[in-house]
Amino acid sequence: MPELPEVETVCRGLALKLEGRALARVEARRRDLRQPLPRDFVRRLTGRRVDRIARRAKYILMHLDDQTVLIAHLGMSGRMVVAADPAAPFDAHDHVVFTTDAGVSIRFNDARRFGLMTLARADELDGHPLLVGIGPEPLGNEFNGRALAERLAGKATPIKAALLDQTVVAGVGNIYACEALFQAGLSPRRLARTVQGDRAERLAHAVRDVLTRAIAAGGSSLRDHVQPSGELGYFQHAWAVYGREGEPCLGCDCDGAIRRLVQSNRSTFYCAKRQR
DNA sequence: CTACCATCCTGGTTGC
DNA sequence: TGCAACCAGGATGGTA
C-alpha cells in the first residue's frame, strides 16, 4: 500500500474525477473492512456533491457539500480504481463503489481489507480519534530538523521505528523510512534520541526530499497498485535501498552491498557502510 | 515510556 | 505440478 506519496497521487486523481460532481450512486458491496462501514453510510453520501479532496497523513478526506467528510484509509492493499466501463463486472474485492452524475465510477478495491471508510462532520475532524495525535505533515511548513528533533528527543527506540510512528511525522511508511535514512546516511538502528542537530536536519530534509520526488514520479507502485487514472507509478525504479538486498549500494562508491534486517517485524534495507 | 509480539486478511512468490 | 511456508505498503492493542 500506499504511503504518503501514493495517497497524495490517489487524492489528485480522485479530485479530477470527483470535485464538483455529485455522488449519484453509492454502493456498499462489503461492509466489514478494518472497521465496519457506518450503518447509514450509503444514505448519507448519496446525492451529495464533492467539494474537495484533501489528505492528512495517509488518510483521504472527501469533503461533501453538507459538511460531512468521508475519511478513507487504503491500508496495505487498498486501491481506488476508475472503472472505464461502470457496467463492467465487479472484482471480488471491489467493496465500495461511487458513481458520479457524470457517469464515472470509482471502485474501492481492497483484497486484505485493512483499509477503512468512515464519516465525520467537518467540525469534528480536528479531534477525530483517527486523526488526533498525528504528527506534522512532512511537506508542510512546520516540519523541519528542529521540529523533528523535538519529537525524537528522549526516545530510546530505533530511528527506523520512530519514523514509522505517525505521531512523530505523518505519512512515512516502510519504504520511504528506509529511503530517507539511506539518503540521510543514518543507521536504521541508531537510537532516535541521538538524532538531533545536524543529523535531524539531514533526516528532515531527506524525508521531505524523498517524498517530494516520489510524488513527482506519480507515487511508487507495487504489483497491484493502480492510480485513479489507471496509470502505474514508477518511483519504484528510483529506490536506492528498498527491496535491493544483496545488490550494490548505488549513489556512492562505498562498494558495499545492501543488507536487510527485521525491526518491529518489518523489513529494513540499508547500507552498513554509508549509514551510521 | 519502550520493546516486542500478535492480529486483522488475502494473494503472490519461493522453495522443497 | 502441488503444496506449504513465507512475505507484503499499516495500524493497533496487549504484555513484560
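Here is the naming used below: chain letters follow the sequence lines, and residue numbers restart at 1 for every chain.
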Check your understanding: Which part of the nucleic acid does S264(A) contact within heavy-atom distance under 4.0 Å: base, sugar-phosphate only, or nothing?
Key -> nothing
Review point. When we call it a touch if two heavy atoms are under 4.0 Å apart, what does G154(A) touch: a base, just sugar-phosphate, or nothing?
Key: sugar-phosphate
Euclidean distance, atom [atom1] of residue [X] to atom [atom2] of [N] [Å, nearest integer]:
X       : N       : atom1 : atom2 : value
Q263(A) : dT2(B)  : CD    : P     : 16 Å
L33(A)  : dA11(C) : CG    : C1'   : 15 Å
M76(A)  : dA11(C) : CE    : P     : 10 Å
I175(A) : dC7(C)  : CD1   : P     : 17 Å
F269(A) : dA8(C)  : CZ    : P     : 7 Å
L130(A) : dA11(C) : CG    : C1'   : 10 Å
Q35(A)  : dT7(B)  : CD    : C1'   : 16 Å
R266(A) : dT12(C) : CZ    : P     : 13 Å

Does a nitrogen or oxygen in the side chain of [X] sit under 4.0 Å from OP1 or OP2 of [N]?
X       : N       : value
H73(A)  : dA11(C) : yes
H93(A)  : dG11(B) : yes
K155(A) : dT2(B)  : yes
R34(A)  : dA11(C) : no
Q166(A) : dG10(C) : no
T157(A) : dA3(B)  : yes
S77(A)  : dA8(C)  : no

Review point. Is NZ or CZ of R274(A) both nearer than 6.0 Å to the six-membered ring centre of F182(A) and within 45° of the ring axis?
Key: yes
When you get a sec, tell me which of [options] is the closest nucleotide to the side chain of [X]?
X       : options                  : answer
R113(A) : dG10(C), dA3(B), dT10(B) : dT10(B)
A156(A) : dA8(C), dT2(B), dA11(C)  : dT2(B)
S267(A) : dG10(C), dT10(B), dC7(C) : dC7(C)

**Study point:** Residue pair Q263(A) / T268(A), side-chain donor-acceptor N/O under 3.5 Å
**Key:** yes
**Study point:** Donor + acceptor pair across side chains of Q183(A), Y176(A) (<3.5 Å)
**Key:** no
**Study point:** Connected-component partners of L164(A) among ILVMFWY, side-chain separation under 4.5 Å
**Key:** none
Practice item. Starting from F90(A), walk the hydrophobic network (Ile, Leu, Val, Met, Phe, Trp, Tyr; side-chain heavy atoms closer than 4.5 Å) and list everyone else you reach, by chain and number. Key: V97(A)
Review point. Checking T68(A) side chain against L64(A) main chain: does a donor-acceptor pair fall under 3.5 Å?
Key: no
Review point. Stem ranges for DNA chain C, with three or more consecutive Watson-Crick or G-U pairs under 3.5 Å?
Key: B:2-8 with C:10-16, B:10-16 with C:2-8
Review point. Between K58(A) and G173(A), which heavy-atom pair has the shortest distance, and what is it?
Key: NZ-CA, 3.7 Å
Review point. Which pair of non-hydrogen atoms, one from A24(A) and one from T46(A), has the smallest distance, and what is that distance?
Key: O-CG2, 3.8 Å
Review point. Quick one: the side chain of R112(A) and the base of dC9(B), do they pair up donor-acceptor inside 3.5 Å?
Key: yes
Review point. Does atom NE2 of H128(A) have more than 12 heavy-atom neighbours from other groups under 6.0 Å away?
Key: yes
Study note, to complete from the structure: Comparing N265(A) with P129(A), nearest DNA chain C nucleotide closer to 5' gives the residue N265(A)
**Study point:** Same-atom distance (P) from dC9(B) to dG2(C), integer angstrom
**Key:** 28 Å
Study note, to complete from the structure: Sorted by position of nearest nucleotide on DNA chain B, 5' first, the leading residue of L191(A) and F114(A) is L191(A)
